[in-house]
Amino acid sequence: MRERIVVTGAAGFIGSNLCKMLLQEGYSVVAIDNLLAGTLENLPEGVDFKKVDVCDSDFSRYVEGAIAVFHLAARNCLDDCAKNPVDTARINVMGTANVLQACVEYKVPHVIYSDTSAEYEGINMFPSKIDSVKPMSIYACSKRSGALMAEGFKNYYGLNISTVRYFNVYGPAQDWRRVIPPVMSAFTIKLLQGESPFIYGTGEKRRDFIHVDDINRFHLMLIREKLIQGGTYNLGSGEDYSILEIFEKIESEICSGIKPIFKPELSGEAFRTLADISETCKTGWTPQVTLEAGIKSFVAYTRERLRLG
Ligand SMILES: NC(=O)c1ccc[n+]([C@@H]2O[C@H](COP(=O)([O-])OP(=O)(O)OC[C@H]3O[C@@H](n4cnc5c(N)ncnc54)[C@H](O)[C@@H]3O)[C@@H](O)[C@H]2O)c1
């Protein structure tokens, strides 16, 4: 019988890519999402989809028999979280506690909590090391609270929890419908449509981009190699690029000749993200997808998606 893995937030960007990889690796996948932001079209064929809210009181039954639970479901758009702080706490904190409690009830051997580099947004020392965090925004504080819940469940109930702190993830199925989409999607879509993308601020902000395939390569290692389970890991590339450099790289792939339009700075955004991945690399993992190769495949993917409508 195929081993069963539960993914919450499965219809979202990272979750849907994770489901796809798990199916390819031969696992049976229970895909949980309430479709707050995710879409059914993201879900790969072959998953057992349950339209469920992670805060539901009868959530626990979905994790029965799972060898691992990946908890990705979250409200995670900065602006959206700032406008809905109570509901953000309900989903990102209460929802996380609910998922963790279910895992205790059904003795799930391993839980993976998806954390964020926004944990570092108040710290101006780079690269960011896992042991000093200073969340500032509602989003980051809610994710920190979820991570603290995970610590509590680890210490008090002995739950085996690994925490993965993603930096700026990009790749297929990235959520481009947001009012302000993630920068990689925003630039690529606009340029392919022959329009000028917006750059908020001067374009000097720097980001550590990591391809979703590299994230999933680490996810796979985590479920297969017991020795590395239970830690907290930064998942970034360990290199940062300015937003302007990202624009130039995408533009040189598309060759549209279009220039960006500069808009006022968005409030609450970190000036820089850069991961210290030295601890993560000790597990044997290293990022494999170069930014150039990742942008090339992302542009090709986006071009095809726009063609299909
Ligand atoms: N994308 C990134 O660059 C990035 C960076 C750092 C951390 N993260 C974390 O990774 C995880 C996944 O992010 P993503 O980019 O795939 O986001 P996403 O918005 O594409 O996916 C999140 C999914 O969770 C679902 N969801 C929200 N509330 C839910 C609820 N109450 N019950 C069930 N499902 C619910 C949404 O419908 C959506 O499909 C999140 O926990 C996020 O905080 C993402």
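Ligands are counted one by one from 1 in listed order, and the atoms in each one are counted from 1 as well. The basis for the numbers below is simple: all heavy atoms, side chains too, and nothing from hydrogens, waters or symmetry mates. What you are looking at is a predicted structure, and each value in this text was computed from that prediction instead of being measured.
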Measure from NZ or CZ of Lys50 to the centre of the six-membered ring of Tyr62, then state whether that distance is under 6.0 Å and the direction lies within 45° of the axis.
-> no
List every atom of ligand 1 that sits less than 4.0 Å from any heavy atom of Ile91, numbering the atoms from 1 in the order shown and giving each element.
-> 28 (N), 31 (N)
Numbered in order shown, the ligand 1 atoms found under 4.0 Å of a heavy atom of Tyr139 are 7 (C), 8 (N), 42 (C), 43 (O)
Going from OG1 on Thr188 to CD on Gln193, what distance comes out if it is rounded to the nearest 0.5 angstrom?
-> 11.0 Å
For ligand 1, which atoms sit closer than 4.0 Å to a heavy atom of Ala74?
-> 22 (C), 24 (O), 27 (C), 40 (C), 41 (O)
Quick one: pull up CD1 in Ile138 and OG1 in Thr88 and give me the separation to the nearest 0.5 Å.
-> 7.5 Å
Under 4.0 Å from ligand 1, counting heavy atoms only, is it the side chain of Val52, its backbone, both or neither?
-> backbone
Protein contact to atom 11 (C) of ligand 1 [nearest heavy atom, distance to 0.1 Å] = Leu72 O, 3.3 Å
Report the member of Asn76, Val7, Leu36 with the shortest heavy-atom distance to atom 15 (O) of ligand 1.
-> Asn76
With a cut-off of 4.0 Å, which atoms of ligand 1 are near a heavy atom of Leu35?
-> 37 (O)
Answer yes or no: does atom NZ of Lys154 have more than 12 heavy-atom neighbours from other residues, nucleotides or ligands under 6.0 Å?
-> yes
Ring-face cation contact, Phe247 with Lys259, 6.0 Å cut, 45° max | no
Name the one of Asp208, Asp276, Asp115 that satisfies salt bridge (Lys or Arg N to Asp or Glu O under 4.0 Å) with Arg165?
-> Asp115
If you measure every N/O of Ser117 against every N/O of ligand 1, is any gap under 3.5 Å?
-> no
Please work out whether any backbone atom (N, CA, C, O) or any side-chain heavy atom from C-beta onward of Lys143 is under 4.0 Å from ligand 1, and answer side chain, backbone, both or neither.
-> side chain
Proximity flag Gly95 to ligand 1, non-hydrogen atoms under 4.0 Å = no
Give the residue and atom name of whichever protein heavy atom lies nearest to atom 3 (O) of ligand 1, and the separation in Å to one decimal.
-> Val169 N, 3.0 Å
Do the non-hydrogen side-chain atoms of Leu100 and Ile161 ever get within less than 4.5 Å of each other?
-> yes
Protein heavy atom at shortest distance from atom 10 (O) of ligand 1 = Tyr166 CE1, 3.3 Å
Met221, CE atom: more than 12 neighbouring heavy atoms under 6.0 Å | yes
Give the residue, atom name and distance (to 0.1 Å) of the protein heavy atom nearest atom 20 (O) of ligand 1.
-> Phe13 N, 2.8 Å
Ligand 1 contact by Asn42, heavy-atom criterion under 4.0 angstrom | no
Could you go through the salt bridge (charged side-chain N to carboxylate O under 4.0 Å, His left out) check for Glu279 and Lys282 one step at a time?
-> CA-CA 5 Å; Glu279 287 302 313; Lys282 284 182 188 163; 2.8 Å; yes
Give the C-alpha distance, both sets of side-chain angles, the deciding distance and a yes or no for side-chain hydrogen bond (donor to acceptor under 3.5 Å, both in side chains) between Glu121 and Ser137.
-> CA-CA 8 Å; Glu121 64 195 0; Ser137 61; 2.9 Å; yes
Residue pair Val52 / Phe59, side-chain heavy-atom distance below 4.5 Å = yes
Could you tell me whether some N/O pair between Arg90 and ligand 1 is separated by less than 3.5 angstrom?
-> no
Here the atoms of ligand 1 under 4.0 Å from any heavy atom belonging to Phe167 are 3 (O), 5 (C), 6 (C)
Asp115, portion touching ligand 1 at heavy-atom distance under 4.0 Å = backbone
Side chain or backbone of Asp33 under 4.0 Å from ligand 1, or both, or neither, by non-hydrogen atoms?
-> both
Shortest reach to atom 35 (C) of ligand 1 by a heavy atom, considering only Asn34, Ile32, Val54, Asn17 = Asn34
Nearest-contact summary for atom 21 (O) of ligand 1 - protein heavy atom, Å | Gly12 CA, 3.4 Å
Salt bridge (Lys or Arg N to Asp or Glu O under 4.0 Å) with Asp240: which of Arg207, Arg206, Lys205?
-> Arg206
Which segment of Ile14 sits under 4.0 Å of ligand 1 when only heavy atoms are counted = both
Is there a chain of hydrophobic side chains (I, L, V, M, F, W, Y, each step under 4.5 Å between heavy atoms) that links Val169 to Ile246?
-> no
Contact (N/O only, under 3.5 Å) between Asp53 and ligand 1 = yes
